[in-house]
Asks: 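Take this structure first; my questions come after.
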2 protein chains.
Amino acid sequence: MKFYEIFKQKLNEAGYKLTTQRRVVFEVIGANEGKHFSPEEIYDIVKVDHPEIGLATVYRTLKLFEKIGIIYRLNFNDGCSRFEMSHLDDESHRHHHLVCIECGKILEVKIDSLQELESYVEKEYSFDIHNHTLKFFGLCSDCKKRRNKCKKESTES
Amino acid sequence: MKFYEIFKQKLNEAGYKLTTQRRVVFEVIGANEGKHFSPEEIYDIVKVDHPEIGLATVYRTLKLFEKIGIIYRLNFNDGCSRFEMSHLDDESHRHHHLVCIECGKILEVKIDSLQELESYVEKEYSFDIHNHTLKFFGLCSDCKKRRNKCKKESTES
DNA sequence: ACTCTTGTTGATAATAAAAATCAAATAAGA
DNA sequence: TCTTATTTGATTTTTATTATCAACAAGAGT
Ligand SMILES: [Zn+2]
Ligand SMILES: [Zn+2]
Ligand SMILES: [Zn+2]
Ligand SMILES: [Zn+2]
């Protein structure tokens with residue numbers, strides 16, 4: 001798969017080193033499409049073949065991957081962040097999530113409308129929609145201006 | 001406003017008492033439409049007129065309000081839950097949020113499309129969309145069945 | 001208004017996710 | 001290989017949220 005090449009490239013572009021720990025975490029997430037792992041869950045999988053890797057490193061790595069656009073951070077209101085690979089080679093594949101308020105099961109939806117989507121989902125997945133949430137992440141006009149003016153003292157967050 | 005009457009009714013229907021603490025928290029949220037307060041922020045406002053009310057009560061009350069549908073819990077990935085009044089008398093008013101990834105500012109969007117919405121937002125708000133998240137909350141087919149069969153031993157979560 | 005019962009509260013301790021610390025280890029370029 | 005800035009593992013710290021529990025108060029019935 002070429003995901004790995006893109007991953008290495010993104011790391012490099014951002015000025016980060018390719019370490020064993022980062023490669024291993026990347027592989028765990030990449031090998032589990034459709035899953036939405038928490039840091040602890042990823043840590044448990046990583047430990048099997050690499051017991052020397054620490055939990056703190058998993059947290060750090062996930063934060064870094066999110067920052068450089070390798071993964072998405074998801075929130076299902078279950079007390080922790082969850083992560084999935086971002087579709088590096090096809091950004092249009094961004095999918096939506098169905099969260100069961102009873103059993104917590106998470107289903108993925110591969111289409112991108114909303115009005116149609118709701119009725120489609122209710123029928124096709126036999127899912128009773130109680131609520132939905134839509135968020136946009138981006139830059140407001142103020143920050144676009146500010147970002148253009150002062151590109152100098154850009155330090156890490 | 002009739003919000004308060006609906007609030008009292010919902011509390012009553014669910015078998016909860018109307019306490020001073022609950023009334024005060026309700027008033028703080030109701031008097032701040034367009035805001036998205038964290039528990040701590042609500043606590044700070046509540047304290048001004050009611051220093052006897054404790055933080056734990058604010059957390060408990062918010063959780064209760066969410067459960068009976070008085071408020072929505074929002075997540076902007078800033079380390080805490082945030083809350084806003086649900087539109088009790090007009091459910092169709094559910095709005096969407098613009099979250100600036102730089103300054104954290106939150107803007108509200110009052111329309112309900114998505115494809116049109118994206119281009120509308122980019123122009124009208126001069127906002128660069130980097131990402132969006134859509135979640136549906138509801139019941140999957142399995143749980144609908146299960147819920148129909150065993151409505152007996154329904155205890156609190 | 002008084003009582004009784006049960007839900008509720010305030011103060012505090014307990015949890016748990018995530019971040020910070022820091023000496024030791026290591027990737028990557030010369 | 002050597003150098004050096006980056007990264008890591010183990011651990012502690014931080015902080016949002018929940019649990020605990022005795023004291024308290026809402027609301028139904030008298
Ligand atoms: Zn997904
Ligand atoms: Zn379910
Ligand atoms: Zn809002
Ligand atoms: Zn901004």
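To find a chain, count down the sequence lines: A is the first, B the second, and so on, and within it residues start at 1.
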Asks: Tell me if a side-chain donor or acceptor on Ser86(B) pairs with a main-chain N or O of Gly69(B) at a distance below 3.5 Å.
Replies: yes
Asks: Atom CG of Asn12(A) to atom P of dT6(D): distance rounded to whole Å?
Replies: 14 Å
Asks: Atom CG of Leu18(A) to atom P of dA5(D): distance rounded to whole Å?
Replies: 21 Å
Asks: Find out whether Gln21(A) and His50(A) are in side-chain contact, i.e. whether some heavy atom of one side chain is under 4.5 Å from a heavy atom of the other.
Replies: no
Asks: Measure the NZ-NZ distance between Lys8(A) and Lys2(A) for me, rounded to the nearest 0.5 Å.
Replies: 15.0 Å
Asks: Counting just side-chain N and O atoms, does Thr20(B) come under 4.0 Å of either OP1 or OP2 of dA25(D)?
Replies: no
Asks: Between Lys8(B) (NZ) and dA26(D) (C1'), how many Å, whole number?
Replies: 14 Å
Asks: One character per nucleotide, please: for nucleotides 10-20 of chain D, 5' to 3', B when the base has a protein heavy atom closer than 4.0 Å, S when only the sugar-phosphate does, - otherwise.
Replies: BB----SBBBB
Asks: Are the side chains of Arg73(A) and Phe83(A) in contact, using a 4.5 Å heavy-atom criterion?
Replies: yes
Asks: Using chain B heavy atoms and a threshold of under 4.0 Å, write down where along DNA chain C the contacts begin and end, 5' to 3'.
Replies: dT6(C) to dT12(C)
Asks: Determine yes or no for a side-chain-to-main-chain donor-acceptor pair under 3.5 angstrom, with Asn32(B) supplying the side chain and Val28(B) the backbone.
Replies: yes
Asks: Going by atom types alone, do Gln9(B) and Glu5(B) pair a side-chain donor with an acceptor below 3.5 Å?
Replies: no
Asks: Any non-hydrogen side-chain atom of Glu84(A) less than 4.5 Å from a side-chain atom of His97(A)?
Replies: yes
Asks: How many Å lie between CZ on Arg22(B) and P on dA25(D), as a whole number?
Replies: 15 Å
Asks: Are Lys10(A) and Tyr16(A) close enough that some pair of their side-chain heavy atoms sits under 4.5 Å apart?
Replies: no
Asks: With distance as the sole test, does Arg22(A) use its side chain to make a donor-acceptor pair with the main-chain N or O of Lys17(A) at under 3.5 Å?
Replies: yes
Asks: Do Thr61(A) and Phe26(A) come within less than 4.5 Å of each other through their side chains, counting heavy atoms only?
Replies: no
Asks: Through what angle, rounded to 10 degrees, does the axis of the helix from dA1(C)-dT30(D) to dA30(C)-dT1(D) turn between its ends, using five pairs per end?
Replies: 40°
Asks: Give a yes or no on whether the ring-centroid distance for Phe65(B) and Phe7(B) is below 6.0 angstrom.
Replies: yes
